[in-house]
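Naming convention: chains lettered A, B, ... in sequence-line order (proteins, then strands); numbering from 1 in each chain. Heavy atoms only: backbone and side chains are in, while hydrogens, waters and symmetry mates are out.
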Protein chains: 2
Amino acid sequence: MVEPTPGYELPLQLFAAFRAIIDAAHDDLARHGYPDVKPMHGFVFQAIGTQGTTAVELGARLGVSKQAAGKTIANLEKLGYVERAADPNDARRKLVRLTAHGLDMLAVSARSFDAIQAQWAETIGPERLAALQNDLRTLAPGELLRLDVPGWFSGDR
Amino acid sequence: MVEPTPGYELPLQLFAAFRAIIDAAHDDLARHGYPDVKPMHGFVFQAIGTQGTTAVELGARLGVSKQAAGKTIANLEKLGYVERAADPNDARRKLVRLTAHGLDMLAVSARSFDAIQAQWAETIGPERLAALQNDLRTLAPGELLRLDVPGWFSGDR
DNA sequence: CATGATCGACAACCAGGTTTACTATATGGG
DNA sequence: CCCATATAGTAAACCTGGTTGTCGATCATG
């Protein structure tokens, strides 16, 4: 039995597919008036959620230090996607929440991802896409949301 | 018909699967005496290949500037994975080739990736893995080898 | 043979990550 | 009640890897 593809192709295919989705979503976002969001920001927005969070908690969710989370928050604040407010119950904490702009962008991106998924379902058939997702869940269970990508990719893990 | 998963999960699943493979391969590499290789280096080694290349060509293959390629080459040279030699036919060019150490590491990583692929085939069945790869090829055709991941992920593309 | 293109290197800068260190605030045991 | 300890946020210094701009050296061509 011959080996159909060398083993190193599989991860590259997975990454190319990931990248294709992200690029498509961000093309969509740029067309809808959000040209300044970066692929990374999607992770952050998901981690902040509609409820808001704090820098420490955000760092924990994303797998980076609280300082890195703080930097990212500061950037998103400068871009107007996020706002910080004092926590009345704990003067140390600062609540980070999405602004109206951020929430709108989150909604747009959600529609974008849904549209891409729908398009993929159309391309290969919904049952095959469902099977693909099912297989991925089996093969790579665990946390989906990890932001330490730059460090993970180039650092020593 | 209900939407089974929100659209944003699909890219995260793809990325998690990619990451799972890379992490497994690098655990393997660390066990086999290559603890200092980073996920990024795999891309570079594949792009250099067994034939060798130059900085400009490497940058073009990986989608980064020649300067960035040069920096990466310098790092890999310091680690002993790569060596530079003058091109007898063109005094401007410097051939970059994998050392014996680098070639061995490439062989180990190839075995690693094959083993992981085999394990995945065992887990979900070879025909489903083949279908998965086939679908991925359909959904995300094009260049597999692009190294501009850090810049792509956090930069403005 | 002179002009233009290419290769490799250097410098300056940026983004994002880390560790270390510090202040301010909470919390809980003596 | 008070002090010791833990936690939240911030800042500084540093690392890696990316970018652009520049430059000298070398080829290639009109």
Quick one: list whatever passes salt bridge (charged side-chain N to carboxylate O under 4.0 Å, His left out) with Asp87(B), sequence neighbours left out. Arg93(B)

Only pairs at least two apart or in different chains count here, so list each ring-ring contact (aromatic ring centres under 6.0 Å, His included) that has a residue in residues 61-83 of chain B. Phe45(B)-Tyr81(B), Tyr81(B)-His101(B)

The criterion is salt bridge (charged side-chain N to carboxylate O under 4.0 Å, His left out); which residues satisfy it with Arg111(B), sequence neighbours excluded? none

Please, what dot-bracket string fits DNA chain D when only Watson-Crick and G-U pairs with both distances under 3.5 Å count, crossing ones use [ ] and pairs to another strand use |? ||||||||||||||||||||||||||||||

Residues forming a salt bridge (charged side-chain N to carboxylate O under 4.0 Å, His left out) with Arg137(A), sequence neighbours excluded: none

All N/O pairs under 3.5 Å across the protein-nucleotides 7-10 of chain C interface:
{"residue": "dG8(C)", "atom": "OP1", "partner": "Lys94(B)", "partner atom": "N", "Å": "2.8"}
{"residue": "dG8(C)", "atom": "OP1", "partner": "Lys94(B)", "partner atom": "O", "Å": "3.3"}
{"residue": "dG8(C)", "atom": "OP2", "partner": "Ala55(B)", "partner atom": "N", "Å": "3.4"}
{"residue": "dG8(C)", "atom": "OP2", "partner": "Val56(B)", "partner atom": "N", "Å": "3.1"}
{"residue": "dG8(C)", "atom": "N7", "partner": "Lys66(B)", "partner atom": "NZ", "Å": "2.9"}
{"residue": "dG8(C)", "atom": "O6", "partner": "Lys66(B)", "partner atom": "NZ", "Å": "3.0"}
{"residue": "dA9(C)", "atom": "OP1", "partner": "Lys94(B)", "partner atom": "NZ", "Å": "2.6"}
{"residue": "dA9(C)", "atom": "OP2", "partner": "Arg84(B)", "partner atom": "NH1", "Å": "3.0"}
{"residue": "dA9(C)", "atom": "N6", "partner": "Gln67(B)", "partner atom": "NE2", "Å": "3.4"}

Residues pairing under ring-ring contact (aromatic ring centres under 6.0 Å, His included) where one sits in residues 46-69 of chain A, two or more places apart or in two chains, turn out to be none

Quick one: list whatever passes side chain to side chain contact (heavy atoms under 4.5 Å, CB included) with Ala131(A), sequence neighbours left out. Arg128(B)

Between atom CG in Leu62(B) and atom C1' in dG17(D), what is the gap in whole Å? 13 Å

Under 4.0 Å between a side-chain N/O of Lys38(A) and OP1 or OP2 of dG16(C), yes or no? yes

Side-chain N or O of Asn75(A) closer than 4.0 Å to phosphate OP1/OP2 of dA15(C): no

Does anything in residues 106-137 of chain B pair up under ring-ring contact (aromatic ring centres under 6.0 Å, His included), and if so which pairs, sequence neighbours excluded? none

